[in-house]
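In this text the structure is predicted, and so the values were computed from the model without any measurement. The sequence lines fix the lettering, A, B, ..., with proteins before strands; numbering per chain opens at 1. The analysis underlying the following values was restricted to heavy atoms, covering all of them including side chains, and did not include hydrogens, waters or symmetry mates.
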There are 2 protein chains.
Amino acid sequence: MARINGVSGDRTSERLISSMKQLLWERGYSATSPAAVQRLAKAGQGSMYHHFHSKARLALAAEQRMGEELKREVAERFTAASTTYEKIEAYLAPDEHVIRGCRLGRLIQDEEVAFNDELREPIAETYAWIQAQIVRVLTEGVTCGELSPDIDVDSLAVSILAIRQGAHVLARLRGSQEPFRQAGRGIAQLLALASPRNDSTQAAPASLAD
Amino acid sequence: MARINGVSGDRTSERLISSMKQLLWERGYSATSPAAVQRLAKAGQGSMYHHFHSKARLALAAEQRMGEELKREVAERFTAASTTYEKIEAYLAPDEHVIRGCRLGRLIQDEEVAFNDELREPIAETYAWIQAQIVRVLTEGVTCGELSPDIDVDSLAVSILAIRQGAHVLARLRGSQEPFRQAGRGIAQLLALASPRNDSTQAAPASLAD
DNA sequence: GTCTATATGATGATAGAC
DNA sequence: GTCTATCATCATATAGAC
């Protein structure tokens, strides 16, 4: 398969999508110009506007690809781990890309994306899917007796989703994967206390246990 | 005090800083044009470049203000609450602004900010300060017997910092404060288990307890 | 499918009058 | 301190030849 600038694909439209994906991750939507995408894809102006009606349509195609890729990566992390604890640890583990920030989460900060239903939708759909997967993993953990049945898995799933999202921001700010490792350790030590073995017979403090 | 467009301050330089603050929060750095700041501040082009050498210098002044404000708000949340649990709950509680995203965290996604030491510094300094405050609160919680001495407060602090950061992204994505409330509940229920009263005599699972 | 030419407006300033 | 004029460059296309 042909490879230009690290962007693979023989067809021009594929190279345009790959290039847009890369630039959306690096710069976001507003800051990515059609000219920059064309340069990276080695495609002309006319070529881009032949395959895609507008910058927005090309970005939409790129977002859909990024969503699919992100879901596949998350699914792989969950299936590769065996216990509930390990699955959550795997979900929160950093990779070499986290310093760049989250490829999808960063886009929602962009006003042009946030206020455009078409451009916001693939992001919302992907996060909803990931959140549902975390809920599924935690629910299985309760079923298998790895987590206490008292745990509210829905709110815990949002916490875990938020931690990974927030860790991306901190990692980019510090230029280091360390915030990921710390945030992962921080939640993991609490999760260990949520094992049925650690259950207290006493009620939790009223102000927090709901 | 004079008030123009909700931007207070009699002096032109103050109105410019307030306007830049507002636009940085709404649009980020790259997407905020000097012309937009001038319009909002009711100041002319020459006026802006008289008070500030460049867009970057004005943005730097605005960032420093935002950092001070954010630190003051966090400090108020911590001092207004009494127990450790309540302080953490207060830190994670949403306000009417969270749907817009985090005023400082959003800026680090901007390449012009991330790769400019001057523009990145006030953000890094503010986050470091907030993280240190969370560590202090948690450490006091251990000292007062509200948290188990086994808790690693440093990593837990990063988790809590990341949760608030990530919840901002989810809140903006959904257009709702709900992710904040869910993420807060999710971590609060685990924190309740970290009370010494809930300590198990058994060791936690080796894979997570470190 | 790809190319070049052209269009319209915004960007981020600088210069110098008042 | 504030104003207007000017400038080179970029953004996001459209039109029509090849």
Side-chain angles (χ1 to χ4, degrees), chain A residues 1-2 4-5 7-24 26-63 107 109-116 118-119, chain B residues 1-2 4-5 7 9-24 26-63 107 110-116 118-119:
Chain A
M1 195 183 275
I4 296 175
N5 274 331
V7 167
S8 63
D10 287 321
R11 301 202 311 286
T12 299
S13 68
E14 285 301 313
R15 290 202 317 279
L16 284 164
I17 292 175
S18 289
S19 299
M20 179 56 98
K21 259 173 44 190
Q22 184 178 327
L23 292 172
L24 284 179
E26 286 173 10
R27 310 184 186 177
Y29 177 76
S30 295
T32 294
S33 67
V37 178
Q38 292 151 25
R39 258 193 313 276
L40 187 60
K42 304 268 191 235
Q45 192 133 306
S47 219
M48 192 196 101
Y49 283 103
H50 169 78
H51 290 284
F52 300 93
H53 249 154
S54 64
K55 171 184 165 182
R57 287 296 181 84
L58 173 52
L60 181 60
E63 279 185 350
L107 295 176
Q109 287 302 334
D110 200 308
E111 284 212 313
E112 291 192 75
V113 173
F115 296 161
N116 179 321
E118 276 201 309
L119 291 177
Chain B
M1 191 184 279
I4 296 176
N5 272 331
V7 167
D10 287 322
R11 301 202 310 288
T12 299
S13 69
E14 285 299 314
R15 291 203 315 279
L16 285 164
I17 292 174
S18 289
S19 299
M20 180 57 101
K21 259 174 44 192
Q22 185 179 325
L23 292 172
L24 285 179
E26 287 174 9
R27 310 184 186 177
Y29 177 75
S30 296
T32 294
S33 67
V37 177
Q38 292 150 24
R39 259 192 313 274
L40 186 60
K42 304 268 192 234
Q45 192 134 306
S47 219
M48 190 195 104
Y49 283 103
H50 169 77
H51 291 285
F52 299 94
H53 178 252
S54 64
K55 170 184 165 181
R57 287 295 180 83
L58 173 52
L60 181 60
E63 279 185 351
L107 295 176
D110 200 308
E111 282 212 314
E112 290 192 75
V113 174
F115 295 161
N116 179 322
E118 277 201 307
L119 291 178

Q.
One pair to check against side-chain contact (heavy atoms from CB on, under 4.5 Å): B:Ser54 and B:Arg57. What are the steps and the verdict?
A. CA-CA 5 Å; B:Ser54 64; B:Arg57 287 295 180 83; 3.6 Å; yes
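- Taking atom NE2 of B:His50 as the reference point, atom P of D:dC3 lies 12 Å away to the nearest angstrom.
- If you measure from atom NZ of B:Lys42 to atom C1' of D:dT2, you get 16 Å, rounded to the nearest angstrom.
- Looking at the side chain of B:His51, the nearest of the listed nucleotides D:dT12, D:dG1, C:dT2 is D:dG1.
- Atom NZ of B:Lys55 and atom P of C:dT14 are 14 Å apart (whole Å).
- Rounding to whole angstrom units, CD of residue A:Gln38 and C1' of C:dC3 are separated by 12 Å.
- Side-chain contact between A:Ile17 and A:Phe52 is present, with heavy atoms from C-beta onward closer than 4.5 Å.
- For A:Pro34, the listed nucleotide lying nearest its side chain is D:dT12; candidates were D:dT12, C:dT11, C:dT14.
- Regarding A:Glu112, its CD atom lies at a distance of 14 Å from the C1' atom of D:dA13, rounded to whole Å.
- Residue B:Ser54 has no polar side-chain atom (N or O) positioned under 4.0 Å from OP1 or OP2 of C:dA13.
- The interatomic distance linking B:Arg27 (CZ) with C:dT11 (P) rounds to 9 Å, in whole Å.
- Base engagement by A:Gly46 is indicated by at least one non-hydrogen atom pair under 4.0 Å involving a base atom.
- Here D:dT12 presents its P atom at 7 Å from OH of A:Tyr49, a figure rounded to the nearest Å.
- Residue A:Lys21 holds its NZ atom at 12.5 Å from CG of A:Leu16, rounded to the nearest 0.5 Å.
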Q) Can you list the steps and then say if A:Met20 with A:Glu63 is a side-chain contact (heavy atoms from CB on, under 4.5 Å)? A) CA-CA 9 Å; A:Met20 179 56 98; A:Glu63 279 185 350; over 6 Å; no
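- Heavy-atom nearest nucleotides on DNA chain D were determined for B:Gly44 and for A:Ala35, and the one closer to the 5' end corresponds to B:Gly44.
- Taking each heavy atom of B:Val113 and B:Leu107 in turn, the nearest pair found is CB-O, 3.4 Å.
- Nearest to the side chain of B:Thr12, among D:dT2, D:dT14, D:dA11, sits D:dT2.
- With A:Thr32 contributing its side chain and A:Leu23 its backbone, the two residues share a donor-acceptor pair below 3.5 Å.
- Rounded to a whole Å, the CE atom of B:Met48 is 16 Å from the P atom of C:dA15.
- Under the 4.5 Å side-chain criterion, counting only non-hydrogen atoms from C-beta, B:His50 is not in contact with B:Ser47.
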What protein N or O atoms touch nucleotides 6-10 of chain D N or O atoms at under 3.5 angstrom, if any, and at what distances?
none

